[in-house]
Amino acid sequence: MADSSSLDALVEALRRLPGVGAKSASRMAFHLLQHDREGTLMLARALQQAASNVRHCERCNTFTEGQVCSVCQDARRDGTKLCVVETPADQAALERTGVFRGYYFVLMGKLSPLDGVGPNDIGLAKLFARALDGTVSEVILATNFTAEGEATAHVIGDALKQRGLSVTRLARGVPAGSELEYVDLGTIAHALVDRR
């Protein structure tokens, strides 16, 4: 590596990104500095601006620059439906489908006792207050289908069902366009159980 503490700091900063190791971080740093100085400055300004201006929506917890995000401000959405997701990226993916027209609540994580993440760490109290505000009739659990996501959905679902709300879970099964012989057995089993 070149003799430069600034370069080392850049490499270390890039390594904080998910899936980026030392070699990838070095490659990115050298590329930016050698071939794209303008892009380097643009990236630095964008990161600084995002770190300074982006915060959590007061209603749904997603990222926004205002106090309340544009989705929560949209009065045309169905206030009786609340979709619970783990991250703002999950919310963005659902929004891109154009199918769901209700509101969201972003947990900003998932329950993971082994990692020390409990109900207070992902804002379940705020979720329950929102879900039980008198307007929501259905909560759609759209957490990931990992062990932690399933546990999170189970805890939330049980708590809300006990309070009289209708709770549903995203369907899962064989992906469109796939061939059964190449789909894992767990997915096929869930598709058979959840068939319609």
Side-chain angles (χ1 to χ4, degrees), residues 18 54-178 183-196:
V54 175
R55 60 169 157 257
H56 294 286
C57 173
E58 291 179 357
R59 291 197 70 217
C60 73
N61 219 23
T62 196
F63 292 138
T64 183
E65 288 191 33
Q67 288 184 313
V68 177
C69 72
S70 60
V71 171
C72 287
Q73 289 178 11
D74 187 352
R76 297 170 297 171
R77 296 185 84 97
D78 183 353
T80 65
K81 306 223 181 316
L82 183 66
C83 183
V84 179
V85 295
E86 292 179 18
T87 67
D90 296 336
Q91 177 192 0
L94 285 171
E95 272 297 285
R96 283 192 302 273
T97 69
V99 175
F100 182 67
R101 297 300 303 157
Y103 292 104
Y104 295 93
F105 187 87
V106 181
L107 295 169
M108 299 303 288
K110 58 191 169 269
L111 295 175
S112 181
L114 294 176
D115 297 321
V117 180
N120 294 333
D121 300 312
I122 61 171
L124 290 190
K126 186 176 178 182
L127 166 62
F128 294 150
R130 173 90 185 272
L132 299 167
D133 69 359
T135 59
V136 175
S137 62
E138 179 187 6
V139 175
I140 302 161
L141 300 175
T143 56
N144 292 312
F145 290 104
T146 61
E148 294 90 354
E150 292 284 355
T152 304
H154 179 74
V155 167
I156 293 169
D158 282 353
L160 292 176
K161 285 176 189 172
Q162 289 175 7
R163 292 169 172 91
L165 277 177
S166 170
V167 178
T168 58
R169 182 85 166 106
L170 282 186
R172 58 182 163 189
V174 178
S178 63
V183 176
D184 68 278
L185 297 179
T187 300
I188 294 173
H190 284 293
L192 281 170
V193 171
D194 297 334
R195 70 188 182 278
R196 57 182 169 97

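This structure is a prediction, so every number in the text was calculated from the model and none was measured.
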Colleague: Kindly indicate whether the side chain of E148, heavy atoms from C-beta on, has any atom under 4.5 Å from the side chain of L114.
Modeller: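 No - every pair of side-chain heavy atoms lies 4.5 Å or more apart.
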
Colleague: T62 versus Y104: any side-chain heavy-atom pair under 4.5 Å?
Modeller: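 SC-SC contact between T62 and Y104 ruled out.
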
Colleague: Got Q67 and R59 here, is their nearest side-chain heavy-atom distance under 4.5 Å?
Modeller: no

Colleague: Are any of the side-chain heavy atoms of T143 and K110 separated by less than 4.5 Å?
Modeller: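 No, too far: nothing below the 4.5 Å cut-off.
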
Colleague: Any side-chain heavy atom of Q91 within less than 4.5 Å of one from V71?
Modeller: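 Yes, side chains in contact.
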
Colleague: At their closest point, which heavy atom of V136 faces which heavy atom of L165, and how far apart are they?
Modeller: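 Looking at all heavy atoms of both residues, the closest pair is O-CD2, 3.1 Å.
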
Colleague: Below 4.5 Å, heavy atoms only, C-beta onward: do T87 and M108 meet side chain to side chain?
Modeller: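 No, every pair of side-chain atoms sits at 4.5 Å or beyond.
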
Colleague: Let's go through F63 and R55 carefully: what are the C-alpha distance in whole Å and the side-chain angles of both, what is the deciding distance for side chain to side chain contact (heavy atoms under 4.5 Å, CB included) to 0.1 Å, and is it a yes or a no?
Modeller: CA-CA 6 Å; F63 292 138; R55 60 169 157 257; over 6 Å; no

Colleague: Roughly how far, to the nearest 0.5 Å, is OG of S112 from CG of D121?
Modeller: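 The CG atom of D121 sits 10.0 Å away from the OG atom of S112.
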
Colleague: Out of curiosity, L185 CG to H190 NE2, how far, rounded to the nearest 0.5 Å?
Modeller: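 Answer for the CG-NE2 pair, L185 versus H190, is 11.0 Å.
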
Colleague: Pair L82, L127 - check side chain to side chain contact (heavy atoms under 4.5 Å, CB included), show working.
Modeller: CA-CA 10 Å; L82 183 66; L127 166 62; 4.0 Å; yes

Colleague: Does V117 offer a backbone N or O that forms a donor-acceptor pair with the side chain of D115 under 3.5 Å?
Modeller: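 Answer holds: no.
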
Colleague: Can you tell me if N61 uses its side chain to pair, donor with acceptor, with the backbone of V106 under 3.5 Å?
Modeller: yes

Colleague: How close do L111 and G118 get, counting heavy atoms only, and between which atoms?
Modeller: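 Where L111 meets G118 most closely, the heavy atoms are CD2-C, 3.4 Å.
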
Colleague: Kindly give the heavy-atom pair with the smallest separation between A131 and L160, and that separation in Å.
Modeller: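 So the two residues come closest at CB-CD2, 4.0 Å.
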
Colleague: Find the distance between SG (C57) and CD (Q73) and round it off to the nearest 0.5 Å.
Modeller: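 The SG atom of C57 sits 8.0 Å away from the CD atom of Q73.
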
Colleague: State, yes or no, whether a side-chain contact exists between L124 and I122 at a heavy-atom distance under 4.5 Å.
Modeller: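 The answer is yes, as the side chains (C-beta and beyond) meet within the 4.5 Å cut-off.
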
Colleague: To the nearest 0.5 Å, how far apart are SG in C60 and NZ in K126?
Modeller: 8.0 Å

Colleague: Looking only at non-hydrogen atoms, find the nearest pair between F100 and R77 and report the distance.
Modeller: O-NH2, 3.2 Å

Colleague: Please examine the side chains of K81 and Y103, heavy atoms only from C-beta on, and report whether any two atoms are closer than 4.5 Å.
Modeller: no

Colleague: Looking at T64 and H56, what are the two nearest heavy atoms and their distance?
Modeller: CG2-C, 4.0 Å

Colleague: Return the minimal non-hydrogen interatomic distance between L141 and A153, and the atom names on each side.
Modeller: CD1-O, 3.2 Å

Colleague: What distance separates R169 CZ from I156 CD1, expressed to the nearest 0.5 Å?
Modeller: 9.0 Å

